[in-house]
Number of protein chains: 2
Amino acid sequence: MLLFWRKGYEATTMNDLVEELGLGRGSIYAAYGDKHRLFVLALGRYLGHQTTLLDSALGDTGPVLPHLRDVIDRLLAADAACTGAGCFSVNSIAELLPNDAEVAELARRSLQFAEDAFTTQLERAARSGELSPAIGPRDAAHLLVTTVQGLQIMRKADPDPARAAACLDSLFTLLAPTTAPTAPTPAPAYATP
Amino acid sequence: MLLFWRKGYEATTMNDLVEELGLGRGSIYAAYGDKHRLFVLALGRYLGHQTTLLDSALGDTGPVLPHLRDVIDRLLAADAACTGAGCFSVNSIAELLPNDAEVAELARRSLQFAEDAFTTQLERAARSGELSPAIGPRDAAHLLVTTVQGLQIMRKADPDPARAAACLDSLFTLLAPTTAPTAPTPAPAYATP
DNA sequence: TATGTTTTGGAACGTGCAGTCCAGAACGGT
DNA sequence: ACCGTTCTGGACTGCACGTTCCAAAACATA
């Protein structure tokens, strides 16, 4: 499925896929239906993998923001394995929406899941004072998701990982509360009221 | 050129373009060369238009952040004219990079221009105390450009303009310096031992 | 109006596409 | 070992693609 990822839907031919999968055309059609279905399946797998990564990585103890940052770094690194191709999901949204309802539904669900997961984490961050009071958890999560999407675009134009890291640094700095009095936040021992 | 914008490069056929432009095939090839050159020309025009919009809108007096916000709103609105198609530049980056050097060069230049323009503005903002001291003007500009790219992706998945506006609100709130003594901090007091 | 030149746009071309088909290989039950 | 069933994959099909070509229309000059 790397081809769909690297070249997009339209630019990938069935011949390419035959070569990549090592199967005959007939077998591919028998197993997956047509080209579009195969694409949707591939995208679904990719999103499932990303979702799993997110789901398993986000816990409910410890400092939130550094952990969140780490998870996002890992997501970006996973995409970077496919050098220069960016994020399969972002590429698909850009290429096929708003003309492909099936892909739209997949993408929407995945984005919603990410935003919800981030919101849960950031609610915890807000409770423990790790999140700037200037912004609510849900808004912060939405901004975070949006910026990560943007990062995936920017990386295609400039693959230097340092740029992406710097951008995330900036955002996470802004998301943290103004670091005047309680600089290191040693223990997030928060009480349940 | 709306077709390239709406459907992308690969999905747009020469037949489509003949119909859209109202010219014969021969005329198109005589005037513009091949399909790819035509695409590059169209993208160049689009980027030129965006650049002009940016260039003419950014002044050197008055409050920076609200004005910047307004300019970005206008850029988004210009793209929204082509309902649901998002941003031609973002779509092209996602579809054709890293396999198209010509488009890559165009996109890079345009992104660089936007970042530079934002940086100039944010330097002024920093001088007048409008920018949070937590972030430098260049980093803020880079983050801003990145988030706008992300917004263009998010809008394709969820075209509700309110979502994009809320996202920009969040970012600009974070970019502003902490508003005085932060009155409404309902911070659930966590103990620093 | 007559003539040399440019422009137009539809017909035609070769290629490569997505999708189908089927002979034979691989497999499994007995 | 036999044979009914499933699976495999290369040959094939019709079609639509990007591109080229050229007769005729439009224009410019005198």
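For the pair A:Lys35 and A:Tyr29, the NZ or CZ position fails the cation-pi test of under 6.0 Å to the six-membered ring centre and within 45 degrees of the ring normal.
Near DNA chain C, meaning a heavy atom under 4.0 Å from it, residues 7-18 of chain A has A:Thr12, A:Thr13, A:Met14, A:Asn15 in order of number. For DNA chain C, no neighbouring residue in residues 94-106 of chain B is found when judged by any heavy atom under 4.0 Å.
Bending across the helix from C:dT1-D:dA30 to C:dT30-D:dA1, expressed as the angle between its end axes from five pairs apiece, amounts to 20° (10° rounding).
Within the 4.5 Å cutoff, the side chain of A:His142 has heavy atoms near those of the B:Met154 side chain. In this structure, B:Leu171 and B:Cys167 have side chains that are not in contact, with every pair of non-hydrogen atoms separated by 4.5 Å or more. Looking only at side-chain heavy atoms (C-beta outward), A:Gln152 and A:Leu76 come within less than 4.5 Å of each other. Here the side chains of A:Ile135 and B:Thr173 are not in contact, with every heavy-atom distance at 4.5 Å or above.
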- [ ] Verify ring pair (Phe, Tyr, Trp, His ring centres under 6.0 Å) between B:Tyr9 and B:His36, making sure each step is shown before the conclusion.
- [x] CA-CA 8 Å; B:Tyr9 177 70; B:His36 188 261; 5.8 Å; yes
- [ ] Apply the test side-chain hydrogen bond (donor to acceptor under 3.5 Å, both in side chains) to residues A:Thr178 and B:Thr178: give CA-CA distance (whole Å), side-chain angles for both, the deciding distance (0.1 Å), then the verdict.
- [x] CA-CA 7 Å; A:Thr178 332; B:Thr178 332; 3.3 Å; yes
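For A:Arg109, the salt bridge (charged side-chain N to carboxylate O under 4.0 Å, His left out) partners are A:Glu105, not counting sequence neighbours.
Remark: A:Arg138 engages A:Glu115 in a salt bridge, criterion side-chain N to carboxylate O under 4.0 Å. Between B:Asp160 and B:Arg155 there is no salt bridge, since no side-chain nitrogen of the basic residue lies less than 4.0 Å from a carboxylate oxygen of the acidic one.
Between the CZ atom of B:Phe39 and the P atom of D:dG18 there is a distance of 13 Å, given to the nearest Å.
Of the residues listed (B:Tyr46, B:Tyr32, B:Phe4, B:Trp5), the one engaging B:Phe39 in a ring pair (Phe, Tyr, Trp, His ring centres under 6.0 Å) is B:Phe4, and it is the only one. When each of A:Asn91, A:Asp16, A:Thr12 is paired with A:Lys7, the side chain to side chain donor-acceptor pair (under 3.5 Å) condition holds for A:Asp16 and for no other.
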I'd like a list of close polar pairs between nucleotides 5-9 of chain D and the protein, N/O only, cut-off under 3.5 Å.
residue, atom, partner, partner atom, Å
D:dG9, N7, A:Ser27, N, 3.2
D:dG9, N7, A:Ser27, OG, 3.3

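The outermost nucleotides of DNA chain C lying under 4.0 Å from heavy atoms of chain A, listed 5' to 3', are C:dC17 to C:dC21.
For the residue pair A:Asp116 and A:Gln112, a side-chain donor N or O sits within less than 3.5 Å of a side-chain acceptor on the partner.
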